[in-house]
Number of protein chains: 2
Amino acid sequence: MQTLDQQVAQRLAASGVRYTSGRRAVVKALTSADGPRSAQELFDELDLPLSSLYRSLAVLEESEVLTPHHGTRGVTRYELAEWAAGHHHHVVCGSCGTVDDVHVDPALEAELERLVAAITDSLSFQPTGHALEVEGRCDACR
Amino acid sequence: MQTLDQQVAQRLAASGVRYTSGRRAVVKALTSADGPRSAQELFDELDLPLSSLYRSLAVLEESEVLTPHHGTRGVTRYELAEWAAGHHHHVVCGSCGTVDDVHVDPALEAELERLVAAITDSLSFQPTGHALEVEGRCDACR
DNA sequence: TTCCTTGCAAACGATTTGCATTGGA
DNA sequence: TCCAATGCAAATCGTTTGCAAGGAA
């Protein structure tokens with residue numbers, strides 16, 4: 001069993017790219033986040049130039065360490081990929097745009113899988129994944 | 001029973017805005033679309049200036065005739081609101097970014113509702129809606 | 001006449017890229 | 001040493017807005 005950092009290092013090495021301090025900082029920040037983060041949000045937290053941040057995010061997405069999440073008003077937020085963060089879904093506040101992770105109970109998740117399968121069954125479409133987004137109003141915006 | 005156009009006209013009138021030819025063109029285009037469309041896509045189809053398109057989309061969203069969908073690469077696509085298009089979900093091609101509507105069988109939809117309720121049950125979150133997005137590869141990109 | 005709406009061009013915000021420099025294996 | 005990575009500034013892309021002209025009630 002390896003640490004997340006070791007697994008990330010391996011993935012990057014496989015693509016022939018380095019796991020530099022800037023990239024480590026991004027992964028670390030996203031590891032402790034409770035939802036996807038935008039480049040700007042990481043910028044505020046990390047003291048790295050924006051352009052480097054964008055480049056790190058692109059590289060990490062390329063290597064499937066991160067997954068992009070396209071949210072309100074044209075901002076892309078990133079989170080650790082499923083293999084690292086575990087499969088989960090999102091609750092999105094329609095008022096402030098905040099996105100929070102929800103880890104769904106395995107029994108419910110299994111039902112959801114079954115539903116997705118039933119839905120795509122009739123389509124000429126190869127499902128590779130699914131995302132359930134629950135919209136609503138968060139505590140703060142109540 | 002009124003036509004869609006009549007209902008849209010009513011909604012707009014309620015907000016004190018006119019249902020102009022440009023706005024009609026947008027609604028018509030989205031009515032016959034099989035998935036959300038971006039301003040650029042409508043521009044290619046409609047011979048209206050981009051800025052007018054954006055303004056029409058904004059007005060129609062404001063009046064809850066259209067709903068925005070935030071997709072790949074920071075582009076916002078619009079579709080008719082649920083009251084007009086019916087509740088449905090999306091299948092998104094991870095390769096070309098195309099988004100297609102899927103109208104889910106009522107029995108399955110009911111199960112989905114129940115699942116969403118079960119999931120949000122434990123959260124201090126007022127759910128107002130949900131969106132299931134199935135990711136995969138479309139026919140063309142197979 | 002009175003507002004709403006439109007078109008054009010300029011402004012914006014998020015993201016990308018060219019290029020010279022730095023840094024790690 | 002050598003190539004990937006970085007930082008800055010300029011460029012791009014999707015989208016918004018100011019302002020003057022056009023249109024409907």
Side-chain angles (χ1 to χ4, degrees), chain A residues 5-6 8-30 36-63 65-79 97 99, chain B residues 5 8-30 36-63 65-79 97-99:
Chain A
D5 254 7
Q6 288 173 327
V8 171
Q10 259 183 11
R11 289 208 170 229
L12 293 184
S15 315
V17 299
R18 297 176 195 150
Y19 194 20
T20 61
S21 63
R23 294 170 186 174
R24 279 174 200 277
V26 169
V27 169
K28 187 172 174 214
L30 291 178
R37 294 285 178 267
S38 67
Q40 185 61 57
E41 288 161 348
L42 292 170
F43 174 77
D44 294 339
E45 181 180 342
L46 288 185
D47 186 44
L48 286 175
L50 257 183
S51 66
S52 299
L53 260 174
Y54 278 110
R55 274 199 262 238
S56 292
L57 292 170
V59 165
L60 292 168
E61 180 186 352
E62 200 79 9
S63 314
V65 172
L66 302 184
T67 309
H69 177 268
H70 303 284
T72 334
R73 277 223 334 260
V75 270
T76 302
R77 285 166 218 272
Y78 288 87
E79 59 188 350
V99 182
Chain B
D5 254 7
V8 171
Q10 260 182 12
R11 291 207 169 230
L12 293 185
S15 315
V17 299
R18 298 176 194 148
Y19 194 20
T20 62
S21 62
R23 293 169 187 174
R24 279 174 200 277
V26 169
V27 169
K28 188 173 173 213
L30 291 178
R37 294 285 179 266
S38 67
Q40 184 62 56
E41 288 161 350
L42 292 170
F43 175 78
D44 294 338
E45 181 180 344
L46 288 185
D47 188 41
L48 286 175
L50 256 184
S51 67
S52 299
L53 260 173
Y54 278 110
R55 274 198 263 238
S56 292
L57 293 171
V59 165
L60 292 168
E61 180 186 352
E62 200 78 9
S63 314
V65 172
L66 302 184
T67 309
H69 177 268
H70 303 284
T72 334
R73 274 215 347 250
V75 271
T76 302
R77 284 163 217 273
Y78 287 87
E79 59 188 349
T98 301
V99 182

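All chains are named by letter (A, B, ...) in the order of the sequence lines, taking the proteins before the strands, and each is independently numbered beginning at 1. No hydrogens, no waters, no symmetry mates; every other heavy atom, side chains included, goes into these values.
dG13(C) atom C1' lies 15 Å from atom CD of Glu41(A), rounded to whole Å. The interatomic distance linking Leu53(B) (CG) with dC8(C) (P) rounds to 12 Å, in whole Å. In this structure, CZ of Arg24(A) is placed 12 Å from C1' of dG24(C), rounded to the nearest angstrom. Atom CZ of Phe43(B) is separated from atom P of dT6(C) by 16 Å (rounded to the nearest Å). Straight-line distance from the OH atom of Tyr19(A) to the P atom of dT6(D): 12 Å, rounded to whole Å. Leu60(A) has its CG atom 13 Å from the C1' atom of dA5(D), to the nearest Å. Atom CG in Leu46(B) sits about 12 Å away from atom P in dG7(C), given to the nearest Å. dG14(D) atom P lies 16 Å from atom NE2 of His70(B), rounded to whole Å.
One N or O on the side chain of Arg23(A) and one on the backbone of Arg18(A) form a donor-acceptor pair closer than 3.5 Å. A donor-acceptor pair under 3.5 Å is absent between the side-chain atoms of Ser52(B) and the main chain of Leu48(B), judged by distance alone. Using modelled atom types, no side-chain atom of Glu45(A) and backbone atom of Leu42(A) make a donor-acceptor pair closer than 3.5 Å.
For the pair Arg24(A) and Tyr19(A), the distance from NZ or CZ to the six-membered ring centre is under 6.0 Å and the angle to the ring normal is within 45 degrees.
Under the 4.5 Å side-chain criterion, counting only non-hydrogen atoms from C-beta, Val59(A) is not in contact with Val65(A). Considering only heavy atoms from C-beta on, Glu41(B) comes within 4.5 Å of Arg77(B) through its side chain. Side-chain contact check for Leu50(A) versus Gln40(A): some heavy-atom pair is nearer than 4.5 Å. Contact of the Leu66(A) side chain with the Val26(A) side chain is registered, since non-hydrogen atoms from C-beta on lie closer than 4.5 Å. Using a 4.5 Å heavy-atom cutoff, the side chains of His69(A) and Tyr78(A) are not in contact. Two residues are said to be in side-chain contact when any heavy atoms from C-beta on lie closer than 4.5 Å; Pro68(A) and Glu61(A) meet this criterion. Considering only heavy atoms from C-beta on, Leu30(A) comes within 4.5 Å of Arg37(A) through its side chain.
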Inset, instruction - Treat primed atoms plus P, OP1 and OP2 as sugar-phosphate and everything else as base, then score nucleotides 20-25 of chain D 5' to 3': B for base contact with protein heavy atoms under 4.0 Å, S for sugar-phosphate contact only, - for none. - result: ---BB-
Inset, instruction - List the protein contact pattern of nucleotides 15-21 of chain C with one symbol per nucleotide (5' to 3'): B for base contact, S for sugar-phosphate-only contact, - for none; contact means a heavy-atom distance under 4.0 Å. - result: BBBB---
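The side chain of Thr20(A) contributes no N or O atom lying less than 4.0 Å from OP1 or OP2 of dG24(C).
Residues from residues 8-17 of chain B placing a heavy atom under 4.0 Å of any atom in DNA chain C, listed by number, are Val17(B).
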